[in-house]
J.: 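My structure is below; once you've seen it, I'll send some questions.
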Amino acid sequence: MAEPKPEEISHPPMDQLQGLEYCIDSNPSWAGEAIALGFQHYILALGTAVMIPSFLVPLMGGTDDDKVRVVQTLLFVEGINTLLQTLFGTRLPTVIGGSYAFMVPIISIIHDTTLLSIEDNHMRFLYTMRAVQGALIVASSIQIILGYSQMWAICTRFFSPLGMIPVIALVGFGLFDKGFPVVGRCVEIGIPMLILFIAFSQYLKNFHTKQLPILERFALIISITVIWAYAHLLTASGAYKHRPELTQLNCRTDKANLISSAPWIKIPYPLQWGAPTFDVGHAFGMMAAVLVSLIESTGSYKAAARLASATPPPAHILSRGIGWQGIGILLDGLFGTLTGSTVSVENVGLLGSTRVGSRRVIQISAGFMIFFSILGKFGALFASIPFTIFAAVYCVLFGIVGLSVPEYYREYTAKALHGPAHTRAVWFNDFLNTIFFSSPTVALIVAVLLDNTLDYKDSARDRGMPWWANFRTFKGDGRSEEFYSLPFNLNRFFPPS
């Protein structure tokens with residue numbers, strides 16, 4: 001079958017995204033814009049870098065000091081891996097961060113009976129860390145071999161654009177449980193963050209200062225600064241003094257215990273936890289996570305190329321990037337980051353939000369990761385931002401409100417045996433809980449609201465309104481009578497408009 005001619009393609013891809021100011025090879029000025037954008041990517045990457053160790057380290061018997069060292073190590077290696085990927089890998093503007101895909105095999109290692117039998121908590125933490133390191137080192141060989149042998153390039157030749165759509169979509173949708181369910185743990189800062197970020201990035205994006213769309217470009221860092229200061233004010237005023245421990249953990253700015261535990265200067269180094277230990281069972285489980293990371297990253301590379309206005313990455317470039325990502329997982333194992341590496345999908349989403357796809361900006365963010373991981377106190381200050389704030393950002397960057405809000409209502413109801421709306425007015429509770437329990441209903445509310453308020457005059461063609469206009473009325477198209485007329489000539493009594 002002959003290849004279709006360019007003019008025969010009904011929807012040719014755009015050469016450049018609408019309104020994109022900086023693509024992969026064009027750079028903002030060094031005077032401040034590029035640095036501020038790089039710092040913004042660093043702040044966003046902090047979410048995952050703090051969440052993963054905060055969950056895993058206590059399970060291993062580690063202390064706050066151990067948690068801080070793991071966070072610093074993870075950020076340090078993230079910075080190195082991001083530089084390696086942008087310089088020698090795919091060269092796309094992608095942040096290489098920690099992956100949730102490695103949580104399952106790591107938790108399995110933590111619950112190994114041999115390790116659980118160690119009574120001293122500190123020793124159990126060290127031995128568990130070394131076991132995770134050994135598994136990561138062995139499992140990294142999967143990506144190294146598939147990447148540098150070009151075997152992954154051969155596999156990617158079977159990927160069509162249609163086949164990659166669900167992969168790319170689900171890379172972001174996979175974080176829906178990290179969205180509104182986490183926002184709901186502290187609604188007094190989560191909801192304002194959600195509203196403020198949407199307002200700045202979408203509704204006020206045309207506000208310019210010296211010809212710079214400052215609110216669109218820096219919506220993330222401005223809204224985080226405002227809500228973080230607001231959260232600190234609530235904490236300092238004693239608003240959470242008598243609240244449950246879980247609420248305090250998600251709302252207070254001083255519960256992470258990172259600043260007090262962090263050293264002023266600390267340079268992470270390989271084998272800092274001791275010599276890794278190797279177990280076949282641990283390594284085999286970790287290999288599955290490496291394969292998941294490989295697939296997730298492939299989808300993220302495709303998305304990043306689109307958002308950076310680059311051509312789709314050729315097969316051998318994808319394979320080269322996977323090879324370097326395997327090197328990154330090897331570094332994770334050597335340094336002891338407690339997780340493996342993958343492309344940070346939240347930072348890919350930020351490329352689309354800021355409409356800046358510059359490689360230099362991502363490299364600057366890598367510099368911030370390395371710098372603040374060495375200067376522990378300063379890095380810990382930014383890492384103390386409550387998780388709830390990052391969760392609100394995820395809701396916007398990935399458009400997952402239609403999935404995330406109902407998931408929160410279902411999760412809350414399963415635990416509390418009643419919905420989040422729990423007032424004395426039972427009828428009001430039932431109405432609200434039923435509405436937001438439904439994914440299609442929430443999706444429709446959000447879609448209609450945004451569709452009719454966000455650039456609705458200038459985007460009528462993109463929204464399909466001119467095409468739909470002919471079918472809005474019964475007589476707009478001659479075929480309507482054939483398709484929709486009532487039987488038995490009942491249209492005489494119910495004439496269509």
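Hydrogens, waters and symmetry mates play no part in the numbers below; they use all other heavy atoms, side chains included. Keep in mind the model is a prediction, meaning the values are calculated, not measured.
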J.: Mind listing the closest non-hydrogen atom pair of Ala219 and Gln40 along with its distance?
T.: N-OE1, 3.9 Å
J.: Does the side chain of Gln325 come under 3.5 Å of the side chain of Ser293 through a donor N or O and an acceptor N or O?
T.: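 Their side chains do contain a donor-acceptor pair, which is all the 3.5 Å distance test asks for.
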J.: Atom CD in Glu245, atom CG in Leu249: separation rounded to 0.5 Å?
T.: 6.5 Å
J.: Would Thr298 and Phe159 count as a side chain to side chain contact (heavy atoms under 4.5 Å, CB included) if you check the C-alpha gap in whole Å, the side-chain angles of each, and the deciding distance to 0.1 Å?
T.: CA-CA 10 Å; Thr298 300; Phe159 300 165; 4.2 Å; yes
J.: What I'd like to find out is whether the side chain of Ser373 reaches to under 4.5 Å of the side chain of Glu78, using heavy atoms alone.
T.: no
J.: Check whether any side-chain N or O of Ser319 sits under 3.5 Å from a backbone N or O of His316 as a donor-acceptor pair, and report yes or no.
T.: no
J.: Could you walk me through whether Phe335 and Trp273 pass the ring pair (Phe, Tyr, Trp, His ring centres under 6.0 Å) check?
T.: CA-CA 8 Å; Phe335 279 81; Trp273 311 104; over 10 Å; no
J.: Among residues at least two apart in sequence or on other chains, which ones pass side-chain contact (heavy atoms from CB on, under 4.5 Å) with Thr63?
T.: Asp65, Asp66
J.: Has Thr128 got a side-chain atom pairing as donor or acceptor with Arg124's backbone, closer than 3.5 angstrom?
T.: yes
J.: Please check if the side chain of Thr235 supplies one atom and the backbone of Thr253 the other of a donor-acceptor pair under 3.5 Å.
T.: yes
J.: Do Leu220 and Ser353 make a side-chain contact, defined as non-hydrogen atoms from C-beta onward lying under 4.5 Å apart?
T.: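 Leu220 vs Ser353: side chains apart.
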J.: Side chain to side chain contact (heavy atoms under 4.5 Å, CB included) with Thr82: which of Thr94, Ile96, Val343?
T.: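 Of the listed residues Thr94, Ile96, Val343, the side chain to side chain contact (heavy atoms under 4.5 Å, CB included) partner of Thr82 is Ile96.
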J.: Identify the two heavy atoms, one from Val183 and one from Ala392, that lie closest to each other, and give their separation to 0.1 Å.
T.: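 Smallest heavy-atom distance, with atoms named: CG2-N, 3.5 Å.
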J.: Could you check Phe39, Phe371, Phe390, Phe368 and say which one makes a ring-ring contact (aromatic ring centres under 6.0 Å, His included) with Phe382?
T.: Phe39
J.: Is the number of heavy atoms from other residues, nucleotides or ligands under 6.0 Å of Met123 CE greater than 12?
T.: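 Yes, because the 6.0 Å sphere around CE of Met123 holds more than 12 heavy atoms from other groups.
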J.: Any non-hydrogen side-chain atom of Val70 less than 4.5 Å from a side-chain atom of Thr337?
T.: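 Val70 does not reach Thr337 side chain to side chain.
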J.: Please list, chain by chain and in numerical order, all residues satisfying disulfide bond (SG atoms under 2.5 Å apart) with Cys251, sequence neighbours excluded.
T.: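 Cys251: disulfide bond (SG atoms under 2.5 Å apart) contacts with Cys186.
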J.: Hey, are Tyr301 and Glu296 close enough side-chain-wise for a donor-acceptor pair under 3.5 Å?
T.: no
J.: Inspect the contact between Arg252 and Glu188 and indicate whether a charged nitrogen and a carboxylate oxygen are less than 4.0 angstrom apart.
T.: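 Looking at Glu188 and Arg252, the cut-off is not met.
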J.: How many angstroms lie between SG in Cys155 and CG in Leu318, if you round to the nearest 0.5 Å?
T.: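 Between Cys155 SG and Leu318 CG, I get 11.5 Å after rounding to 0.5 Å.
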J.: Side chain of Glu216, backbone of Phe200: donor and acceptor closer than 3.5 Å?
T.: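 No; zero donor-acceptor contacts below 3.5 Å.
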J.: For Gln272 and Thr73, test the side chains for any donor-to-acceptor distance below 3.5 angstrom and give the result as yes or no.
T.: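 Result is yes, a qualifying pair exists.
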J.: Look at the side chain of Ser140 and the backbone N and O of Ile137, then say whether any donor-acceptor pair between them is shorter than 3.5 Å.
T.: yes
J.: Please check: side-chain N/O of Ser201 versus main-chain N/O of Phe197, any donor-acceptor pairing under 3.5 Å?
T.: yes
J.: Quick one: does any side-chain atom of Arg185 pair with a main-chain N or O of Asn250 as donor and acceptor, under 3.5 Å?
T.: no
J.: Quick one: do Leu83 and Ile370 satisfy side chain to side chain contact (heavy atoms under 4.5 Å, CB included)? Show the steps, please.
T.: CA-CA 10 Å; Leu83 286 177; Ile370 296 172; 4.0 Å; yes
J.: Does a side chain donor of either Thr48 or Glu346 reach within less than 3.5 Å of an acceptor in the other side chain?
T.: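 Thr48 vs Glu346: donor-acceptor pair found between side chains.
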J.: Are Ser223 and Val226 side-chain neighbours, meaning at least one heavy-atom pair lies under 4.5 Å?
T.: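 Not touching, per the 4.5 Å side-chain cut-off.
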J.: Return yes when atom CG of Leu116 has more than 12 non-hydrogen atoms of other residues, nucleotides or ligands closer than 6.0 Å, and no otherwise.
T.: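 Yes.
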J.: Any donor-acceptor pair under 3.5 Å linking the side-chain atoms of Thr342 with those of Ser297?
T.: yes
J.: So is Arg320 actually on top of Trp152's ring, under 6.0 Å and inside 45° of the axis?
T.: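 Relative to the ring axis of Trp152, which defines the angle, Arg320 lies outside at least one limit.
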J.: With a 4.5 Å limit on heavy-atom distance, are the side chains of Tyr409 and Ser438 in contact?
T.: no
J.: Any side-chain heavy atom of Val182 sitting closer than 4.5 Å to one from Tyr408?
T.: no
J.: Check whether Thr339 reaches the backbone of Phe102 with its side chain - one donor and one acceptor, N or O, closer than 3.5 Å.
T.: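 Answer holds: no.
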J.: Please say whether more than 12 non-hydrogen atoms of neighbouring residues, nucleotides or ligands are located less than 6.0 Å from CZ in Phe278.
T.: yes
J.: Just by distance, do the side chain of Glu407 and the backbone of Phe180 share a donor-acceptor pair under 3.5 Å?
T.: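 Judged by distance alone, no pair lies under 3.5 Å.
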J.: I'd like to know whether Asn27 forms a side chain to side chain contact (heavy atoms under 4.5 Å, CB included) with Val361, so could you lay out the CA-CA distance, the side-chain angles of the two residues, the decisive distance to 0.1 Å, and finally the verdict.
T.: CA-CA 8 Å; Asn27 302 308; Val361 167; over 6 Å; no
J.: CD1/Ile43 to CG/Asn347 distance, rounded to the nearest 0.5 angstrom?
T.: 11.0 Å
J.: Take Met193 and Thr388, measure what side chain to side chain contact (heavy atoms under 4.5 Å, CB included) needs, and give me the verdict at the end.
T.: CA-CA 9 Å; Met193 178 64 197; Thr388 309; over 6 Å; no
J.: Take a 6.0 Å sphere around CZ of Phe55 and say whether it holds more than 12 heavy atoms from other residues, nucleotides or ligands.
T.: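 Check fails, neighbour count at 12 or below.
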J.: Locate the shortest heavy-atom distance separating Pro406 from Val442; write the atom from each residue and the value.
T.: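 Nearest pair, atom of Pro406 first, then Val442: CG-CG2, 4.0 Å.
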J.: To check you understand the geometry: which heavy-atom pair defines the closest contact between Ala391 and Gly179, and what is its length?
T.: CB-O, 3.3 Å
J.: Can you measure from CD1 (Ile189) to CG (Leu196) and round to the nearest 0.5 angstrom?
T.: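 Answer for the CD1-CG pair, Ile189 versus Leu196, is 13.0 Å.
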J.: Tyr127 ring centre to Arg130 NZ or CZ under 6.0 Å, with the angle to the axis within 45°?
T.: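 Yes, Arg130 sits over the ring of Tyr127.
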J.: Does Leu294 reach the side chain of Val290, with side-chain heavy atoms less than 4.5 Å apart?
T.: no
J.: For Ile144 versus Gly323, what's the shortest heavy-atom pair and its separation?
T.: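 So the minimum-distance heavy-atom pair works out to CG1-O, 4.2 Å.
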J.: Once you round to the nearest 0.5 Å, how far does CG of Asp64 lie from CZ of Arg69?
T.: 14.0 Å
J.: Please give me the minimum heavy-atom distance between Gly38 and Ile364, naming the atom from each residue.
T.: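 Scanning both residues completely, I find the closest heavy atoms to be CA-CG2, 4.1 Å.
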J.: Side-chain contact test, heavy atoms from C-beta onward, threshold under 4.5 Å: evaluate it for Pro276 versus Leu271 and give yes or no.
T.: yes
J.: Hey, what do you get for OG (Ser404) to NZ (Lys178), rounding to the nearest 0.5 Å?
T.: 10.5 Å
J.: Sub-3.5 Å donor-acceptor pair from the side chain of Gln85 to the main-chain atoms of Thr90, do we have one?
T.: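 The answer is yes, because a donor-acceptor pair under 3.5 Å joins these two groups.
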J.: Go through Arg360 and Glu33 one step at a time and tell me if the salt bridge (Lys or Arg N to Asp or Glu O under 4.0 Å) criterion holds.
T.: CA-CA 11 Å; Arg360 176 188 290 174; Glu33 187 177 359; over 6 Å; no
